[in-house]
Number of protein chains: 2
Amino acid sequence: MECDTLVIGAGIMGLSTAYYMKKRDPSKKIVVIDKYSGPAQGNSAKSEGGFRNIFTSETNYLLADSSIDYFFHMEELGHKLKMESIGYLWLFSEEQYEKIRPAVEGLKERGVELEVYNREEIEAKVPSLMTDFGDDEEAEMLGLKNVDYGVYGRKCGSLDADALVRAYEAEFLKLGGEVKYNTEATELIVKPEMELEIPGEPFVWQEKVISGVKTSDDEITAGTTVVACGVWAHQLMDPVGLDSFQRPKKRQLFAFKDPKLEPVMRTEGLNHENALPLIVLPTAGIFLKAELSEGSIWLGCADTFPRKFELEEDPQAEDDYYTNNIYHALVMYFGEFEDVRPMNSWAGQYAINSFDETPVIYGEKGFVYVGCGSGSGIMKGDAIGRVADALCAGEAEVELHGGRKLSVAKLGIKNRAVEHEEFVI
Amino acid sequence: MECDTLVIGAGIMGLSTAYYMKKRDPSKKIVVIDKYSGPAQGNSAKSEGGFRNIFTSETNYLLADSSIDYFFHMEELGHKLKMESIGYLWLFSEEQYEKIRPAVEGLKERGVELEVYNREEIEAKVPSLMTDFGDDEEAEMLGLKNVDYGVYGRKCGSLDADALVRAYEAEFLKLGGEVKYNTEATELIVKPEMELEIPGEPFVWQEKVISGVKTSDDEITAGTTVVACGVWAHQLMDPVGLDSFQRPKKRQLFAFKDPKLEPVMRTEGLNHENALPLIVLPTAGIFLKAELSEGSIWLGCADTFPRKFELEEDPQAEDDYYTNNIYHALVMYFGEFEDVRPMNSWAGQYAINSFDETPVIYGEKGFVYVGCGSGSGIMKGDAIGRVADALCAGEAEVELHGGRKLSVAKLGIKNRAVEHEEFVI
């Protein structure tokens, strides 16, 4: 098979990129392949499905803020993405907040819609939350931090990651794009720009390009090959010495549905639905949010050190990770969790760029890499696709949804210019 | 065994770091371990052994320039490092030079001792070099670039990497440092800061530290564990979710000793010995230099794309890589290589940080990583050890040899501030 552009990976990044490329020039033959049998089956659909524009890095903010606007626009166009503006409530101890305070001031100056609440306000808004452990011995033993401040972001909430990816796929197909599932790219093909038909090519002194891929059952020749397969990217790129800049790390999610948790589900005056926003506890990066569509609570934990970097083909939640680990701390903040067990659990993998936790989008001749979601790739998915498309089209600047502009090179390598991010989950 | 500081890796980075830590406080028990039976047996001694201060990045320049000064100082102290100031001569076509010209101007402004030569000057200085292929069909087929300009760095040359590492080891031992060979670190040990003696520790809600390592036959407890084992670092760090930021890539070297090459060995007016400097050809990153101590020429090739990233335990030079690959281009520039075969060849691995090709030195509690030599770790080895030591000591600024100062955080992750590098081999 031959095509103008081959996109490897039918997750959020691949399908958003494919859509914008096809939109730019519908006459181009653009093909997306994926080893799984449908869209978002890698890690996109395993996501917690949060969205937020609270990022201290200007670049991250632009990527997410404009993408969120576009997702709402997609809903207006008829895609059911379950966009719920329940907000993010990030809880801090006094000591933690002092460190983050300048960053929060910066967000306010930028005009990000957020509120800073003190303990009393948080107690009124999240009645079931324990905020002050006093001299509780167990809390001290566990090293639990009190809740002294909360940063509440309004343009934040929950979406259906699977539906989002399917929406990009639908729009891409509508324009005449092609998607081939159950098709695994096994190898990037490297050819000399000018073939000499001599055994041993490509030689070190030849200019080389990526000319397509070998797949499980075929070979695909492409003018441009886009690698957008998340945590699997290094399997294709390492063998040709191109860096994917990411390490895969498992994240587990646990879903709860129990009448005992009803008080946790109810908040006061934070959002329209008085629903549990995505709350980040001040200890251990434990977070939980209402999943309104199923009346449940989803809970995870941003475990960094010493959670290993390792690619797992089919990562699973660990039985004892909730019960014998997260639970100890969680139940101290929300007593209602006592003896409640998850009804469901699953795991996905983050593709983490530990340098700056920001997407990486760069290209060589005939090749573009779109990766390093670092845990927030979905909520930036629209902008990421636009940047990747602009890069392929040779444009220096990309216009994001709403008209704001971004230098394409900022997300590349050679002239990378990405600000440090303080808000990482 | 218990110690104050454990350094994993007896290469240039590990031994330089250990030496400066021991020098700072000789009362500390500082132990270096290595899986091999002696110093520099990983990749340090497999290096081409070049040194240069021609780096466009100010940070790289400072690291290398001050290290080179210190290496000369070590020779004065009696260490035989075979420091030969034969220079680096970087050759460019007109088109290549136009791109690099602003960087070269920047180097001059910084006061770097360099000369820019035109073709006629280069022809006079390197008589055996072909500089202009005219309309030669073979050259065109091979895509060979003419030599229009040369950038010659004076404070550049060749050293004995093995001897250099042994010199740091000797100084470290002299201060009472300990080195244990044939001792492989197999696992970093993670412990909670406050142990509760409950099964399942460390829990996600506990503060954690690295408390030492398991080795092939023992366990070593250390106040600080320094990972400085080059391309092997990710084997220790990935399992605890710490990023080594490096990918291993093989580099091959070929040594030649043949009377036919005598004209290549002779240059005019470049250096004191009229010896072949380290010459970088304008095509394919092929480089060669005189190895005066053995009267030979060492030759390599900076093959980047599509040379794979892969950790090899015992990388070997490939038989046909010189004969059927580099040779085609090389013999066009230096006709004397016709039918000359290498007398020796070997291979090592670069630990490449593709983000900025600059060392990475960062620490968490009880842990310091010193890595990402990216092919120029040896020539920066003195400064790297000083930076790592300053980081361990909690100092914000490090004084390099000669008194110049550098912010330690610049080489870390969170506040990394490293300039783009134009001169990469």
Side-chain angles (χ1 to χ4, degrees), chain A residues 141-144 188 190 192-194 196 198-200 202-208 210 234 237-245 247 249 283-286 301-310 320-321 324-326 328-330 332 352-356 360 364-365 367 413-416 420, chain B residues 141-144 188 190 192-194 196 198-200 202-208 210 234 237-245 247 249 281 283-286 301-310 320-321 324-326 328-330 332 352-356 360 364 367 413-416 420:
Chain A
M141 191 186 82
L142 298 178
L144 303 189
L188 294 172
V190 178
E193 276 191 336
M194 292 184 359
L196 302 173
I198 300 175
F203 297 106
V204 287
W205 35 265
Q206 286 178 303
E207 295 291 331
K208 289 158 279 271
I210 285 173
H234 71 278
M237 292 169 68
D238 280 353
V240 296
L242 294 172
D243 208 326
S244 64
F245 298 103
R247 296 283 200 283
K249 189 175 279 205
T283 301
I286 297 167
C301 176
D303 54 350
T304 51
F305 174 67
R307 167 69 59 184
K308 69 184 167 189
F309 289 124
E310 186 185 53
D320 60 349
Y321 186 67
N324 296 331
N325 206 332
I326 296 174
H328 303 150
L330 174 68
M332 299 286 285
I352 298 181
N353 149 17
S354 320
F355 246 119
D356 52 34
V360 171
E364 309 268 331
K365 276 171 284 187
F367 170 79
I413 299 304
K414 194 174 166 183
N415 297 301
R416 190 164 183 84
H420 177 67
Chain B
M141 191 187 81
L142 298 179
L144 303 190
L188 294 171
V190 178
E193 276 192 334
M194 291 185 357
L196 301 172
I198 300 175
F203 297 105
V204 287
W205 34 267
Q206 286 177 303
E207 296 293 331
K208 290 160 279 273
I210 286 174
H234 71 278
M237 292 169 68
D238 280 353
V240 296
L242 294 172
D243 208 326
S244 64
F245 298 102
R247 295 283 200 282
K249 189 173 280 205
L281 296 180
T283 301
I286 296 167
C301 176
D303 54 349
T304 52
F305 175 66
R307 167 69 58 183
K308 69 184 167 189
F309 288 124
E310 186 185 52
D320 60 349
Y321 185 68
N324 296 330
N325 206 333
I326 296 174
H328 303 150
L330 174 70
M332 299 286 285
I352 298 181
N353 149 18
S354 320
F355 247 118
D356 51 35
V360 171
E364 309 267 330
F367 170 79
I413 299 305
K414 192 172 168 183
N415 297 301
R416 190 166 183 84
H420 177 67

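Note that the coordinates shown come from a computational prediction; the quantities given were computed from them, not determined experimentally. Here is how names work: the chains are called A, B, and so on, in the same order as the sequence lines, proteins then strands, and each is numbered from 1.
Listed by chain and residue number, nothing satisfies the side chain to side chain contact (heavy atoms under 4.5 Å, CB included) test with P239(B) (two or more places apart in sequence, or in another chain). The side chain to side chain donor-acceptor pair (under 3.5 Å) check on K414(B) picks up nothing, with sequence neighbours excluded.
Between chain B and the options K308(A), E310(A), Q206(A), R416(A), heavy-atom pairs under 4.5 Å are most frequent for K308(A). Per-residue heavy-atom pair counts under 4.5 Å with chain A were compared for V360(B), D303(B), D238(B), I210(B), and the maximum is reached by D238(B). When the candidates F203(B), Y321(B), W205(B) are compared by the number of heavy-atom contacts under 4.5 Å with chain A, W205(B) comes out ahead. In terms of heavy-atom pairs under 4.5 Å with chain A, the best-connected choice from M141(B), K208(B), R247(B) is R247(B). Chain A forms more heavy-atom pairs under 4.5 Å with one residue of M237(B), E207(B), H328(B), H234(B) than with any other, namely H328(B). Ranked by heavy-atom pairs shorter than 4.5 Å toward chain B, the options L188(A), L196(A), T283(A) are led by L196(A). Ranked by heavy-atom pairs under 4.5 Å with chain A, the list R307(B), M194(B), E193(B) is led by R307(B).
Looking at K249(A), the atoms closer than 4.5 Å to chain B (heavy atoms on both sides) all sit in the side chain, from C-beta outward. Contact of L281(B) with chain A is not made at all, since no heavy-atom distance falls under 4.5 Å. The contact between V204(A) and chain B is made by backbone and side chain atoms together, counting heavy-atom distances below 4.5 Å. Contact of D243(A) with chain B is made through backbone and side chain together, with heavy-atom distances under 4.5 Å. Contacts between N353(A) and chain B at a heavy-atom distance below 4.5 Å involve the side chain alone, from C-beta outward.
Atom CZ of F367(A) and atom CG of L242(A) lie 5.0 Å apart (nearest 0.5 Å). How far CD1 of I286(A) is from CG of N325(A): 8.5 Å, rounded to the nearest 0.5 Å.
Residues P202(B) and P192(B) share a closest heavy-atom pair of CB-CD, 4.0 Å.
Proximity of the aromatic rings of F355(A) and F245(A) is defined here by a centroid distance below 6.0 angstrom, and this criterion is not met.
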